[in-house]
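The structure appears below as structure tokens.
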2 protein chains.
Amino acid sequence: MKTDPDDIEIQEPFARSMATASRMWRRHLDLRFRDLDLSQARWNVLFELSRNEEVTQIELAHRLGIEAATLVRLLDGLEGAGLIERRPSATDRRAKTLHLTEVASPLIVRMKKISATSRAEILEGISLEDLRIATKVLSGIAARLEVLNNGQNG
Amino acid sequence: MKTDPDDIEIQEPFARSMATASRMWRRHLDLRFRDLDLSQARWNVLFELSRNEEVTQIELAHRLGIEAATLVRLLDGLEGAGLIERRPSATDRRAKTLHLTEVASPLIVRMKKISATSRAEILEGISLEDLRIATKVLSGIAARLEVLNNGQNG
DNA sequence: CCATATTAATTAGCTCTACAACTATTGGCA
DNA sequence: TGCCAATAGTTGTAGAGCTAATTAATATGG
């Protein structure tokens with residue numbers, strides 16, 4: 001499998017700018033959410049739950065693209081803050097289903113606004129077409145890495 | 001500053017796929033580097049040093065886009081492994097300059113190969129043009145976030 | 001129907017990252 | 001010149017992510 005010299009020139013900067021942009025983006029949102037005593041990671045959990053409640057932890061972890069063990073701590077925090085509830089699953093006594101509390105609802109509305117405003121601010125000036133292409137590239141990479149990473153263990 | 005409804009539809013998936021792709025990419029490289037007792041973060045330090053030795057920690061941190069405090073721990077590990085050296089700066093007694101050891105050289109060659117192979121494997125099938133656009137988008141975002149994040153404190 | 005493998009959630013322990021606070025040194029300016 | 005700001009490096013602490021191992025429950029195969 002030969003690789004073009006041209007490819008090499010572009011691949012390294014791509015990987016680097018992706019890592020940097022991603023780290024800075026998270027930091028940016030963490031700063032924005034600090035007043036609300038929340039982080040970007042916890043916000044993602046709430047957001048995903050607001051789109052799809054009553055899922056199990058495994059399922060939610062998969063949707064978020066993180067490990068179940070990572071999710072456990074995030075849920076501990078959110079449960080402690082009274083924003084979510086774990087309830088025993090009706091069909092599987094090992095599993096728990098996740099639910100937003102009434103306290104969470106107004107918070108989620110606020111966070112969605114902050115989140116959308118930040119995104120627009122960050123992405124301002126980037127053409128829709130470029131953004132579509134970048135999204136296609138990134139989600140393609142994620143899909144490919146899912147295969148590659150899982151192909152190693154099982 | 002009004003935002004198009006169209007924009008909103010695409011901005012959220014973009015942010016999500018960037019975060020996911022970035023996390024999975026790091027994990028992938030960490031797995032690849034595990035045999036060498038190194039991580040992606042440490043590899044980045046070595047790689048940047050191999051392009052530009054004799055820099056100070058502050059300067060290196062800036063090139064890597066990470067905080068100086070973060071770099072300190074990475075350098076501790078690399079120094080402990082005998083891969084780098086901190087030497088007092090000749091011109092500023094506060095500062096230290098960084099240098100690769102002879103032990104590091106062959107390792108860096110191997111890591112460059114692993115790194116390039118992985119990148120090619122992950123990015124295979126993505127057109128050069130799309131990759132260029134994605135890189136442009138991502139580095140633009142990083143630059144914008146640099147301004148936005150620093151505009152907050154100083 | 002029972003033994004074994006698999007799965008859901010958790011805990012323990014690690015790395016990387018960030019912020020805040022601290023020390024030592026430098027640089028600017030009055 | 002001498003005092004105060006700023007800067008380089010460090011340490012402490014905390015969050016987010018990972019792997020590995022544990023526990024309880026479910027599925028499967030003989």
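What you see is a predicted model, and the numbers here were worked out from it, not measured in a lab. Every chain is numbered from 1, with letters handed out A, B, ... down the list of sequences.
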Base C:dA12 to side chain A:Arg73, donor-acceptor N/O within 3.5 Å cut-off: yes
Donor + acceptor pair across side chains of B:Ser115, B:Arg119 (<3.5 Å): yes
Residue mapping more 5' on DNA chain C - nearest nucleotide basis, A:Ile58 or A:Arg23: A:Ile58
Touch class at under 4.0 angstrom, heavy-atom based, for A:Ser89 against every strand present: nothing
DNA chain D: 5'-proximal contact among B:Lys96 and A:Leu38 (nearest heavy atom): B:Lys96
Step-by-step side chain to side chain contact (heavy atoms under 4.5 Å, CB included) determination, B:Asn44 to B:Leu74: CA-CA 10 Å; B:Asn44 277 140; B:Leu74 294 174; over 6 Å; no
Heavy-atom donor-acceptor pair, B:Arg94 side-chain to D:dT7 base, under 3.5 Å: yes
Main-chain N/O of B:Ser89 paired with B:Arg94 side-chain donor or acceptor, under 3.5 Å: no
Student check: side-chain heavy atoms of A:Met111 and A:Phe47 closer than 4.5 Å: no
D:dG9 base / B:Arg93 side chain donor-acceptor hit below 3.5 Å: no
Upstream residue (5' side of DNA chain C) when B:Leu74 and A:Arg34 are each assigned their closest nucleotide: B:Leu74
D:dA5, syn or anti by chi within 90 degrees of zero: syn
Residue met sooner reading DNA chain D from 5', once A:Thr91 and A:Gly65 are mapped to nucleotides: A:Gly65
